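Have a look at the structure below before the remarks.
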Amino acid sequence: MEKRVRVRFAPSPTGGLHMGGVRTALFNYLFAKKHGGDFILRIEDTDQTRFVEGAEAYIINALKWCGISPNEGVGFGDGPHAPYRQSERKESGIYKKYADRLIESGHAYYAFDTSEELDEMRKRLEAAKVVAPQYNAVTRQNMRNSLTLPEDEVKKLLDSGAKYVIRLKVPRNEEIRFNDIIRGWVVVNSAQVDDKVLLKSDGMPTYHLAHIVDDIEMKISHAVRGEEWLPSAPAHILIYRYLGLENDMPKLAHLPLILNPDGNGKISKREARFPVFPLSWHDPREAMPYIGYKETGYYPEAFVNILALLGWNPGNNEEIFSLEQLSALFDFERVHKSGAKFDPEKAKWFNQQYLRKHTDAELAEVFKPILKEKGYERSDAFLADFCRLVKEKVQFVHEFWNHGKYVFEAPTAYDEKVMTKKWNDKSKAIYSAVTAKFTAVNDWTVDNITKSFHDAEAEVGKVDMQVLRVLVSGVAGGPQLFDMLALIGKEEVLNRLNIALSTLS
RNA sequence: GGCCCGUUCGUCUAGGGGUUAGGACACGUCCCUUUCACGGAUGAAACACGGGUUCGAUUCCCGUACGGGCUACCA
């Protein structure tokens, strides 16, 4: 029988969760949904020195905003395998128990080396031109551990409470292979793997031990994580093997990384000229917060859609997908092996697609408070009309203001390019005639405005619509002109025209 | 440096032994439009390189180059 699909997202609370992490969470979520399985949030806080206040809450909020909530885990009601925080799980002695099992079977050992001694070893090896200094089958023979020390001395050290770590005893020369769902067979020689620390001297497990213990205990079926874990996967295989759990271990899937758009490397918060966090993140150790996608005006649906298509695609030409659709379509077979550079421009385009799905009334509702901040209030009907006219020009709701503020405010200047090119000594008479015709309009509707404009043209000849636009709005572009005039209102339009005509010569 | 992973238009990608190598973003041109857009059409733009295998390779294999990841008592 196939194992029930149970996947986990297991971040460490060392900072805000950035878009790469969110994508890992998303792929886990989609895979779980696709197979009717479980999606678990586990907090890997085994490094107490890197704990950051607020990071865990941030991770939870970010997942919620994206709509990819786990159905089990920290912040989501826990579940049958509580607790889901490794620092709390440690209390039961579970990690030590597994480490002891490895000691007993001879696949792990105690090491008493101080960090100074380890430094010395590395320096010594570097001086000896060893290319990759590491604690391994060869070098461990010269270090202070339960393999080199006499048995009674080891016992004495242990009894006296000396600091020690437990290390994995990696064989000297053995081929380790595993079948990655995304990458296929990966082969590494154990000579490349160092004797990883399993249990630290503060009694906490390292990631390597902890995630394996928890994945087993929590019956995880697939470990889906970023490519940065690929190099340590062989060590993990060994741990499962020595624990006698190779047949119970989760299937491995290493996701390609999200790369910086320009230059190189994986996305980094510092150099990015675009948001990297889903929500604004203020690291307590830093002065300035990083702005998030949410605060930039992205819809969570758009953000998720963008992420889903970075490293995965459905195999056809469609690009706009809801979470539900993605859940039905997602498949590791269609996940790429290579990293994807993030394109901020296309991200904006995605948001635009989602913005257009909203009704005028919905957009108005969101724009209302933004407008109020600018000091203006209008009826819902007016705002819906406004949004209908301007929505095709914007990618974000907040852009409604920049693209349409002249609806609310009279111009203080007139687009120079248009005016120098099109305004001449005949203009004043022409637009005065237009103003006169407008004044005579009783019912200020688009039809009547259009008609009176034509009447003016019958009298004075062709009238340049763009100049009229500039006289009323100040700018060269904008929504359909007569719609705009109707929205602004007769009195205000006439006011603006009269001011324009009296200031321009 | 070593090890691992990767490489189709600028970017995201489809495809896959014989194709006019398809789509999307961005960009150019045109059409629609008495203004502004949307929209439509269209253009420029890619199989990293060298060897094999093959009747034929962008597709399979091997090298090279380039890119990325890892190289902690961090995850």
Side-chain angles (χ1 to χ4, degrees), chain A residues 10-15 44-47 49-50 111 113-115 118 122 126 129-135 163-167 180 182-184 186-189 191-194 196-208 210-211 225-234 254 256-257 259-262 264-266 306 309-320 334 336-350 356 389-394 403 418 450 453-454 457 462-470 473 475-484:
Chain A
S12 58
T14 53
E44 310 223 323
D45 55 348
T46 52
D47 187 350
T49 63
R50 294 209 310 158
D113 317 279
T114 63
S115 54
L118 291 171
R122 286 192 198 97
E126 272 164 35
K129 300 258 193 298
V130 172
V131 283
Q134 56 178 18
Y135 206 114
K163 290 270 183 201
Y164 68 90
V165 301
I166 293 181
R167 282 183 185 269
D180 187 280
I182 294 168
R183 285 149 210 285
V186 177
V187 184
V188 179
N189 191 288
Q192 306 302 329
V193 181
D194 64 343
K196 295 222 175 309
V197 170
L198 267 15
L199 207 69
K200 301 186 261 191
S201 57
D202 64 359
M204 279 297 224
T206 59
Y207 167 84
H208 304 293
H211 94 273
R225 74 237 290 203
E227 191 187 345
E228 68 267 28
W229 292 110
L230 204 47
S232 55
H254 289 95
L257 267 15
L259 274 15
N260 263 323
D262 39 44
N264 26 42
K266 54 180 172 178
I306 293 161
L309 261 41
L310 246 27
W312 173 87
N313 75 86
N316 56 33
N317 286 334
E318 290 172 56
E319 297 191 285
I320 304 300
R334 303 203 62 89
H336 276 225
K337 293 184 176 77
S338 49
K341 283 188 187 171
F342 175 67
D343 182 355
E345 289 308 311
K346 187 144 186 182
K348 291 178 193 166
W349 175 83
F350 271 106
R356 287 180 186 175
L389 294 187
V390 186
K391 80 192 256 192
E392 65 193 25
K393 327 180 97 63
V394 303
H403 280 80
V418 173
T450 311
F453 180 81
H454 288 318
E457 282 196 314
K462 194 170 175 310
V463 178
D464 192 302
M465 285 177 76
Q466 196 182 25
V467 174
L468 178 58
R469 170 188 291 284
V470 172
S473 75
V475 298
Q480 212 294 115
L481 181 56
F482 298 133
D483 284 312
M484 187 179 98

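Side chains included, hydrogens not; waters and symmetry mates left out as well; all remaining heavy atoms used. Quick caveat, the model's predicted, so the values are computed rather than measured. Letters A, B, ... are given to chains in the order of the sequence lines, protein chains preceding strands, and every chain is numbered from 1.
Checked by distance alone, A:Lys393 brings no side-chain donor or acceptor within 3.5 Å of a matching partner on the base of B:rA37. With hydrogens and angles ignored, no donor-acceptor pair closer than 3.5 Å exists between the side chain of A:Gln192 and the base of B:rU71. Evaluation of atom-type donor-acceptor distances gives a pair under 3.5 Å for the side chain of A:Gln480 against the base of B:rU35.
Annotation: side chain of A:Lys266 is not in contact with side chain of A:Glu227 (no heavy-atom distance under 4.5 Å). A:His254 places a side-chain heavy atom less than 4.5 Å from the side chain of A:Arg225.
For the pair A:Phe453 CZ and B:rU35 P, the computed distance is 10 Å after rounding to whole Å. Summarising the geometry, the separation between CH2 on A:Trp229 and P on B:rC70 is reported as 9 Å, rounded to the nearest angstrom. Note: NZ (A:Lys266) to C1' (B:rG68) measures 10 Å, nearest angstrom. Per the geometry, CD1 belonging to A:Ile320 stands 11 Å off C1' belonging to B:rC25, to the nearest Å. Separating the CD atom of A:Glu319 from the C1' atom of B:rA24 is a distance of 4 Å, rounded to the nearest angstrom. Between the P atom of B:rC38 and the CG atom of A:Asp483 lies a distance of 16 Å, rounded to the nearest Å. Note: NZ (A:Lys163) to P (B:rC73) measures 15 Å, nearest angstrom. Atom pair A:Met465:CE and B:rU35:C1' shows a separation of 4 Å (rounding to whole Å applied).
Pair assignment for B:rU19 gives none, since no Watson-Crick or G-U wobble pairing has each distance under 3.5 Å. When both distances must be under 3.5 Å, the Watson-Crick or G-U wobble mate of B:rA44 does not exist. With a 3.5 Å ceiling on both atom-pair distances, the Watson-Crick or G-U wobble partner of B:rG67 is B:rC5. Pairing partner, B:rU35: none, since no Watson-Crick or wobble contact has both distances short of 3.5 Å. If you check B:rG10 for Watson-Crick or wobble pairing at under 3.5 angstrom, you find it paired to B:rC25. Both distances falling under 3.5 Å, in either a Watson-Crick or a G-U wobble arrangement, occur for no nucleotide opposite B:rU54.
Within 4.0 Å (heavy atoms only), A:Glu457 reaches at least one base atom of the nucleic acid. Within 4.0 Å of A:Gly311, counting heavy atoms only, lie sugar-phosphate atoms of the nucleic acid but no base atom. Within 4.0 Å (heavy atoms only), A:His454 reaches at least one base atom of the nucleic acid. As judged by a 4.0 angstrom heavy-atom cut-off over every strand, A:Ala340 is placed among residues touching the sugar-phosphate backbone only. Nucleic acid contact for A:Asp113: base, since at least one base atom lies under 4.0 Å from a heavy atom of the residue. Contact annotation for A:Arg183: backbone-only contact, meaning every heavy-atom pair under 4.0 Å involves sugar-phosphate atoms and none involves a base. No engagement by A:Lys348 is indicated, since no non-hydrogen atom pair under 4.0 Å with the nucleic acid exists. As judged by a 4.0 angstrom heavy-atom cut-off over every strand, A:Val186 is placed among residues touching the sugar-phosphate backbone only. Within 4.0 Å (heavy atoms only), A:Thr46 reaches sugar-phosphate atoms of the nucleic acid but no base atom.
Ion pairing of A:Asp343 with A:Lys346 is absent here, as no side-chain N (NZ or NE/NH1/NH2) approaches a carboxylate O to less than 4.0 Å.
With B:rG1, B:rA75, B:rC73 as the candidates, the nucleotide lying closest to the side chain of A:Val165 is B:rC73. Here B:rU34 is the nucleotide among B:rU34, B:rC5, B:rA14 with the atom lying nearest to any side-chain atom of A:Lys462. Closest contact between the side chain of A:Arg167 and the listed nucleotides B:rC73, B:rA75, B:rA24 involves B:rC73. With distances taken from any side-chain atom of A:Asp343 to the nucleotides B:rU13, B:rU11, B:rG68, the minimum falls on B:rU11. Relative to the side chain of A:Lys346, the nucleotides B:rU7, B:rG68, B:rA24 differ in distance, and B:rA24 lies closest. Considering only the side chain of A:Gln466, B:rU35 comes nearest among B:rU34, B:rC4, B:rU35. Closest to the side chain of A:Leu310, from the set B:rU34, B:rA75, B:rC12, is B:rC12.
Not one N or O on the side chain of A:Glu392 forms a donor-acceptor pair closer than 3.5 Å with the backbone of A:Pro479. Counting only distance, with no hydrogens or angles, the side chain of A:Lys200 and the backbone of A:Thr46 share a donor-acceptor pair below 3.5 Å. Checking side-chain atoms of A:Lys393 against main-chain N and O of A:Gly478 turns up a donor-acceptor pair under 3.5 Å. At distances below 3.5 Å, at least one donor-acceptor pair connects side-chain atoms of A:Arg334 with backbone N or O atoms of A:Asn313.
One P atom belongs to B:rC47, the other to B:rU19, and the distance between them is 16 Å to the nearest Å. Between the P atoms of B:rG22 and B:rA14, the separation comes to 15 Å (whole Å). As rounded to the nearest Å, B:rG43 and B:rG23 have P atoms that lie 10 Å from one another. On the P atoms, B:rU54 is 28 Å away from B:rG15, given to the nearest whole Å. Spacing between B:rA21 and B:rU13 at atom C1', rounded to whole Å, works out to 13 Å. Here, B:rA37 and B:rC31 have their P atoms 15 Å apart, quoted to the whole Å. For the C1' atoms, the distance linking B:rU58 with B:rG50 amounts to 15 Å, nearest Å. Rounded to whole Å, the separation between the P atoms of B:rA44 and B:rC66 comes to 32 Å.
Contact annotation: A:His336 does not reach the phosphate of B:rG68 (side-chain N/O to OP1 or OP2, under 4.0 Å). Proximity of A:Lys200 to the phosphate of B:rC74: a side-chain N or O atom is located under 4.0 Å from OP1 or OP2. A:Arg356 has a side-chain polar atom (N or O) that falls below the 4.0 Å cut-off from OP1 or OP2 of B:rG39. Side-chain N/O atoms of A:Lys337 include none lying less than 4.0 angstrom from OP1 or OP2 on B:rU13. In terms of phosphate contacts, A:Arg469 brings no side-chain nitrogen or oxygen within less than 4.0 Å of OP1 or OP2 of B:rA37.
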Test log, rule side-chain contact (heavy atoms from CB on, under 4.5 Å), inputs A:Thr14 and A:Asp47 | CA-CA 9 Å; A:Thr14 53; A:Asp47 187 350; 5.9 Å; no
From CA spacing to verdict: side-chain contact (heavy atoms from CB on, under 4.5 Å), A:Ile306, A:Phe342 = CA-CA 9 Å; A:Ile306 293 161; A:Phe342 175 67; 3.8 Å; yes
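Mapping A:Ser201 and A:Ala476 onto RNA chain B via the closest heavy atom, the residue that lands nearer the 5' end is A:Ala476. Summary of the strand contacts: A:Asn317 and A:Arg122 both lie near RNA chain B, and taking for each the nucleotide with the nearest heavy atom, the more 5' one is attributed to A:Asn317.
Classification of the A:Trp229-A:Tyr207 ring pair by plane angle, with boundaries at 30° and 60°, yields parallel.
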